[in-house]
**Q** 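Mind looking over this structure? Questions follow.
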Amino acid sequence: MNRGLILVRHADRVVCMDDARREIADGAVAFRNGAVVAVGTSAELAMLADGAGEIVEAHGCVVTPGLVNTHHHLFQSLTRALPGAINASLFDWLKRLYPIWGRYRPEDVFAATQLGLAELALAGCTLSSDHLYLFPDGVTLDDSIAAAQAVGLRFHPTRGAMSVGESLGGLPPDALVEDERAILNDTIRVIDTYHDPRDGAMLRVGVAPCSPFSVSQGLMRDAAALARDKGVMLHTHLAEDADDVAFSLARFGCRPGDYAEQLGWLGEDVWHAHCVRLDAREIDLFARTGTGVAHCPGSNCRLGSGIAPLRAMVDRGVRVGLGVDGSASNDGASVLTEARQAMLLQRATGGPAAFDPREALFMATHGGAAVLGRPDCGMLAPGSRADIAIWDMTGITATGAWDRVAALVLCPPAGARDVFVDGRAVVRDGELVRVARRDVLRAADASLARLMALA
């Protein structure tokens, strides 16, 4: 008896995203106790059916590894489409939003994070990072972690920080920055309390001073030393737009890549968000050091930051994953939409063969897992974690597609039919399993009403 085993069978295609990039027609995946035990054709796995605890029929579906989101600010999910920020560039956008975010309470961060993770789950995401970098009125990273545990996604929160306010030449208001010793102490607390370094971990904590224009060089160095002492990853924003590069040149006398190198912010334990304005030398530096990039094409377009040199980064061997970024700078949270946008932008500048849909889908799965240091995720192979998305390709948006794998990127379905995280159902038949949609919306609406009244 294979008690507890779940068998997904008769998929139109199982897309493994393994090293061989296998795609299996009439495919099947079996998993038990959070891990994949077998992948093959439905005929090859037929002997498992009699003892399976559950059989999931996937006729007309494509099965992929769960999608991976390498950059988000989930607290921003309550500030989408904000008047005064809709047509603003990065720095002006932040200045409009800082006063609103400064009024958040713990329940607002919980509600916003739960809302954003529910949105990601419904769109097939199984693993998400998060970058929370301001902590007003008793807010802690614990509020985000509690929300993730409620929804059921695999979660990589990072303890962000801002320490240089306007009076010291930084961008954020002084009221939103923290004492650097307090930042480091709380970072130690959340790592010691929550970080799980084991394979299969549902929760890992990273260290993430916000950006060159909101923290000191001393904090960047101390954060890197702390992260390496604790064996956790490092994350920040880098080279996001022309203003960001100009700030680095004026303030530090060097380009962003050089700034990162001087402060110890390169290596396989580091990933940077955006990197829109990296030049060829900086790209080579990232490739040589194994530094990762969270590519956020939707946000980059929304803020007019530019088109990142994705083709050059991938060709030179930089590890690249996709990020939806905060909902205030993207207004949505679909990793498949980001994959499509990434592909289209490279084609707009490099021609119709510049980026293939399968290459974009790889970034959305295996590539993102690699950026987050998760070789146990992002593929369907025996021993990998059972993070699985099942996509019904018989609906209006995908009907007519001859290549249903390419169609996931070219004409993506609105959401996943079923999503499993560590072998546990998080979405079934397009609906949340672990938390009720109405409760997510009720909490978000309550926080939104309070914030709008204060604004």
**Q** Under a 4.0 Å threshold between the charged nitrogen and the carboxylate oxygen, would D445 count as salt-bridged to R450?
**A** no

**Q** Salt bridge between R316 and D284, side-chain N to carboxylate O under 4.0 Å?
**A** yes

**Q** Are any non-hydrogen side-chain atoms of R424 and M202 less than 4.5 angstrom apart?
**A** yes

**Q** Mark yes or no for whether R302, through its side chain, and A328, through its backbone, hold a donor-acceptor pair below 3.5 Å.
**A** yes

**Q** Any donor-acceptor pair under 3.5 Å linking the side-chain atoms of Q114 with those of D439?
**A** no

**Q** Measuring centre to centre across the rings, with the benzene-like ring taken for any Trp, is H156 within less than 6.0 Å of H131?
**A** no

**Q** Output yes when a side-chain donor or acceptor of E57 lies under 3.5 Å from a complementary backbone atom of A11, and no otherwise.
**A** no

**Q** Please examine the side chains of R22 and V14, heavy atoms only from C-beta on, and report whether any two atoms are closer than 4.5 Å.
**A** no

**Q** Is R32 salt-bridged to E54, going by a charged N under 4.0 Å from an acidic O?
**A** no

**Q** Mark yes or no for whether T291, through its side chain, and A287, through its backbone, hold a donor-acceptor pair below 3.5 Å.
**A** no

**Q** For this output row, return yes or no: ring centroids of H71 and H274 closer than 6.0 angstrom.
**A** yes

**Q** Give a yes or no answer on whether the side chain of S129 reaches the backbone of T70 with a donor-acceptor pair at less than 3.5 Å.
**A** yes

**Q** Any Lys/Arg nitrogen of R189 or D142 sitting under 4.0 Å from an Asp/Glu carboxylate oxygen of the other?
**A** yes

**Q** Classify the side-chain pair S128/N69 by whether it contains a donor and acceptor separated by less than 3.5 Å.
**A** yes

**Q** Indicate yes or no: at least one non-hydrogen side-chain atom of L120 is less than 4.5 angstrom from one of L153.
**A** yes

**Q** Is E23 salt-bridged to R358, going by a charged N under 4.0 Å from an acidic O?
**A** yes

**Q** Using a 6.0 Å distance limit plus a 45 degree cone around the ring axis, check whether R204 lies over the aromatic ring of F155.
**A** no

**Q** Spell out, as yes or no, whether a donor-acceptor pair under 3.5 Å connects the side chain of R80 to the backbone of D331.
**A** yes

**Q** Are any non-hydrogen side-chain atoms of L303 and D241 less than 4.5 angstrom apart?
**A** no

**Q** Using atom types as modelled and distance alone, determine if a side-chain donor or acceptor of T289 lies under 3.5 Å from a backbone N or O of L266.
**A** no

**Q** Any sub-3.5 Å donor-acceptor pair from H272's side-chain atoms to G292's backbone N or O?
**A** no

**Q** Have D26 and S42 got a donor and an acceptor in their side chains that come within less than 3.5 Å?
**A** yes

**Q** Mark yes or no for whether Y194, through its side chain, and P157, through its backbone, hold a donor-acceptor pair below 3.5 Å.
**A** no

**Q** Side chains of W101 and T79: is there a donor and an acceptor less than 3.5 Å apart?
**A** yes

**Q** Would you please say whether a donor-acceptor pair under 3.5 Å links the side chains of T64 and W391?
**A** yes

**Q** Between D387 and R154, does any side-chain N to carboxylate O distance fall below 4.0 Å?
**A** yes

**Q** Do Y133 and H73 have their ring centres less than 6.0 Å from each other?
**A** yes

**Q** Distance-only, no hydrogens or angles: does the R311 side chain make a donor-acceptor pair with backbone N or O of A354 under 3.5 Å?
**A** yes

**Q** Checking R385 against F420: charged group under 6.0 Å from the ring centre and within 45 degrees of the axis?
**A** no

**Q** Any salt bridge linking R105 with D108? Criterion: basic side-chain nitrogen under 4.0 Å from a carboxylate oxygen.
**A** no

**Q** Donor-acceptor pair, distance only, cut-off 3.5 Å: does the side chain of H10 make one with the backbone of H59?
**A** no

